[in-house]
Amino acid sequence: MDTALQYVAQRTRELYSAAVELQHLQLSGIQRLRQLERLRPQVFDVSHQLAELFGEGPGQLERARAAKAQRLILALHRRLILGYWRLLRGHDTRGTTAALLMQRLVRSAQQIHFSCLLNRHEAPAGLWSLLHRTHQHACRLQVQHLEVDDGEAYEARNQTVAHGYLHALLLAGSQPLDIPPDCLPALIESAQVFTALVRIGPAQPESRRLLALGQDRPFRAPRAGTGGGYTLELDELLNTLARFTRSGSDASGFDLNAHLLACWSNTAQQTWEVCCGLPALLAQLGANDESGLDARHFQRQPQLDVWAQHSAVRGGLDELVPHHNDIEFASVIDSSAEPTIYPLNQVIPGSRSFSGIWAASPPPGSGDWLGVRKAPNTHWSLARTIGVETLASGAARLHGTCLSARPHLCRLTLRGKTRQSTAHHALLLGDGKEQCVLCPTLPLEAGRKVSVDQPGGTFLALLGEQVGGAFPISRLAVAPGVLLTQ
């Protein structure tokens, strides 16, 4: 154990011992409050240092350290909560004093919640019961909106009981364990900002986010025939998220705004269809199985004596398109069997990115090509896997980015000085001047000439430098009939 960890461990032991000793001291209410207020900043300071152990690495030692750090944070703040709760229940506190005690309770509960989420765990047992009871008690005393000065408040110097309670509810309802770990701090910060846009109101028949008051969970499912209760009013938040999502342009990565909009909106969860790999997407777009050689391949070759042209050296032959494998005339393959289509459940769409629960096994690897469509009988899009994360529930959430909303099927032929390859199925991406091609079966290189056969006609193009697996193409101006005679 290095010196820094030894220091943190020693401070943690000292603070915990001091908190336990404080519980057994015979003190007046004001004396106990002063001692708790002296101890509290030190507990938060150590908690922040312990939280740095979260996500250090996938190794067994790192995970064990993170688990122990989470338990220590829980133990320290539980002692603070017990101390403030004892003052709250043992004295007839009202007004600003009651608001201060309950805000301290809520803030420690928040810190416990943060540490569990950052370590990829659900909130511990009893946390939501504490938050519900504290907020209800503050509402009875009408102090839930009283601002309390607090140097340990998250991103502010003051906090109300209602603010901390709403922050915790927004975090819980945003499916925090379904997002990449490095996005959790941004989610915590965003939820803190968005508390100004939500409020608690009486439940309506169409309400979906009903508070689970009296239970140890944040929300309860709506049930037919049951009325009453309270819910989160989210109209202003949803309007704001919709504006952010429309103006956002996430070229890749996780779209947090889209994730929040999908979590909180009243729309039904989406299930998309996915096929894996470029050959599978080509097949879905209508490409038939290619054997690599066909009769037209031989008909297209010029009737020349190639050996006579290169009798001395073989250099010119290297410019021809090679067949890397032995030429074989394979038996007829049944092309009626289509590639497997997999469901992607609970999809959270973004302007360019998306994520969803992968039900099949194993999931695609990072960087794999995907074909995705939002429903049967809709068009396919080209996408790529960003990564796959194993959630706390054991399910796999796939994160991807959409590269082309509607790729076109074409046939690509490599052109040499005296020969050309057989035509292979490929994807033509983009429209107008900026276009690129993807072909899984041809050895494409920058600077090579290709002919592109598409429904709108055939044209000759020059391949550019590869970008993200695709080759940009520049159309070449040729005389009529050149494509047929070359």
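These values consider heavy atoms only, across backbone and side chains, with no hydrogens, waters or symmetry-generated copies. On a predicted model such as this, the values are computed, not experimentally measured, just so you know.
The two atoms that bring T160 and L146 nearest to each other are CG2-O, 3.5 Å, heavy atoms only. The minimum heavy-atom distance linking F194 with L260 is given by the pair CE1-CD1, 3.7 Å. Of all non-hydrogen atoms in N345 and A359, the two that sit nearest each other are ND2-CB, 3.9 Å. Pairing each heavy atom of T231 with each of A203, the nearest pair is CG2-CA, 3.8 Å. Between H425 and P440, the shortest heavy-atom contact is O-CD, 4.2 Å. Considering every non-hydrogen atom in both L281 and G371, the closest pair reads CD1-CA, 3.9 Å.
A donor-acceptor distance shorter than 3.5 angstrom exists from the side chain of D216 to the backbone of S129, with no hydrogens or angles considered. Here the side chain of R11 pairs no donor or acceptor atom with the backbone of V43 at under 3.5 angstrom. Checking side-chain atoms of S381 against main-chain N and O of A405 turns up a donor-acceptor pair under 3.5 Å. Side-chain atoms of H121 come within 3.5 Å of backbone N or O of N119 as a donor-acceptor pair. In terms of modelled atom types and a separation under 3.5 Å, the side chain of S207 and the main chain of Q204 share a donor-acceptor contact. In terms of modelled atom types and a separation under 3.5 Å, the side chain of R384 and the main chain of G367 share a donor-acceptor contact. Using a distance-only test at 3.5 Å, with no hydrogens or angles considered, no donor-acceptor pair links the side chain of T134 to the main chain of L131.
Relative orientation of the W272 and F354 rings is tilted, given thresholds of 30° and 60° on the angle between their planes. Using a 30° and 60° split on the angle between ring planes, H167 and H163 fall in the perpendicular class, above 60°. Using the six-membered ring where Trp is involved, Y342 and W358 have ring planes that are tilted, between 30° and 60° apart.
Counting heavy-atom neighbours within 6.0 Å of Q60 CD, excluding the residue itself, gives a total of 12 or less. Annotation: Y230, atom OH; neighbour count of heavy atoms from other residues, nucleotides and ligands within 6.0 Å does not exceed 12. Other residues, nucleotides and ligands place no more than 12 heavy atoms under 6.0 Å from the CD atom of Q142. Other residues, nucleotides and ligands place no more than 12 heavy atoms under 6.0 Å from the CZ atom of R78. For H379, the NE2 atom is densely surrounded, since the number of other residues' heavy atoms within 6.0 Å is greater than 12. Atom CZ of R133 is surrounded by 12 or fewer heavy atoms from other residues, nucleotides or ligands within 6.0 Å.
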(Q) side chain to side chain contact (heavy atoms under 4.5 Å, CB included) for V372 and L382? Distances and angles first, verdict last. (A) CA-CA 7 Å; V372 298; L382 175 67; over 6 Å; no
(Q) Y165 vs L211, test: side chain to side chain contact (heavy atoms under 4.5 Å, CB included). Steps then yes/no. (A) CA-CA 11 Å; Y165 182 58; L211 303 186; 3.9 Å; yes
Q | side chain to side chain donor-acceptor pair (under 3.5 Å) evaluation trace for R107 with Q103 | A | CA-CA 6 Å; R107 182 64 190 92; Q103 185 271 332; over 6 Å; no
(Q) For L210 and F219: C-alpha separation, side-chain torsions, deciding distance, then whether side chain to side chain contact (heavy atoms under 4.5 Å, CB included) applies. (A) CA-CA 5 Å; L210 301 176; F219 303 102; over 6 Å; no
**Q.** Derivation of the side chain to side chain contact (heavy atoms under 4.5 Å, CB included) call for E236 and V198
**A.** CA-CA 7 Å; E236 189 175 354; V198 298; over 6 Å; no
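In this structure, CG on L33 lies 6.5 Å from CG on L100, to the nearest 0.5 angstrom. Rounded to the nearest 0.5 Å, atoms CG (L170) and CG (L237) are 6.5 Å apart. Taking SG from C116 and CD from Q70, the interatomic distance works out to 4.0 Å, rounded to the nearest 0.5 Å. With rounding to the nearest 0.5 Å, the separation of CZ in R397 from OG in S355 is 4.0 Å. One distance of note links OG of S108 with CG of L82; it measures 10.5 Å at 0.5 Å rounding. Rounded to the nearest 0.5 angstrom, H77 NE2 and L105 CG are separated by 12.5 Å.
Under 3.5 Å, the side chains of Q31 and S28 contain a donor-acceptor pair of N or O atoms. Side-chain atoms of Q159 and Q192 form no donor-acceptor pair, as typed in the model, at a separation below 3.5 Å. Counted by atom type alone, W264 and S174 present one or more donor-acceptor pairs between their side chains at under 3.5 Å. At a cut-off of 3.5 Å, with distance as the only test, no side-chain donor of Q136 or R140 sits close to an acceptor on the other residue.
Screening D368, I386, L370 against L398 for a side chain to side chain contact (heavy atoms under 4.5 Å, CB included) leaves a single residue, L370. Screening L444, L282, L278, L428 for a side chain to side chain contact (heavy atoms under 4.5 Å, CB included) involving C439 leaves a single residue, L444.
With contacts defined as side-chain heavy-atom distances shorter than 4.5 Å, the pair I200/L232 qualifies. Using a 4.5 Å heavy-atom cutoff, the side chains of V46 and L72 are not in contact. The shortest side-chain heavy-atom distance between R32 and Q26 does not fall under the 4.5 Å cut-off. Residues L429 and L427 have side chains in contact (heavy-atom distance under 4.5 Å, counting atoms from C-beta outward). Looking only at side-chain heavy atoms (C-beta outward), P181 and R120 come within less than 4.5 Å of each other. Between T340 and C275, the closest side-chain pair of non-hydrogen atoms is not below 4.5 Å. By the 4.5 Å heavy-atom criterion applied to side chains, Q215 and H132 are not counted as neighbours. The closest side-chain heavy-atom distance from L27 to Q35 is below 4.5 Å.
Salt bridge R104/E37: present, at least one basic N to carboxylate O contact under 4.0 Å. Checked for salt-bridge contact, D150 and R40 meet the test: a charged N lies under 4.0 Å from a carboxylate O.
A cation-pi geometry, defined here as NZ or CZ lying under 6.0 Å from the six-membered ring centre and within 45° of its normal, does not hold between R217 and W128.
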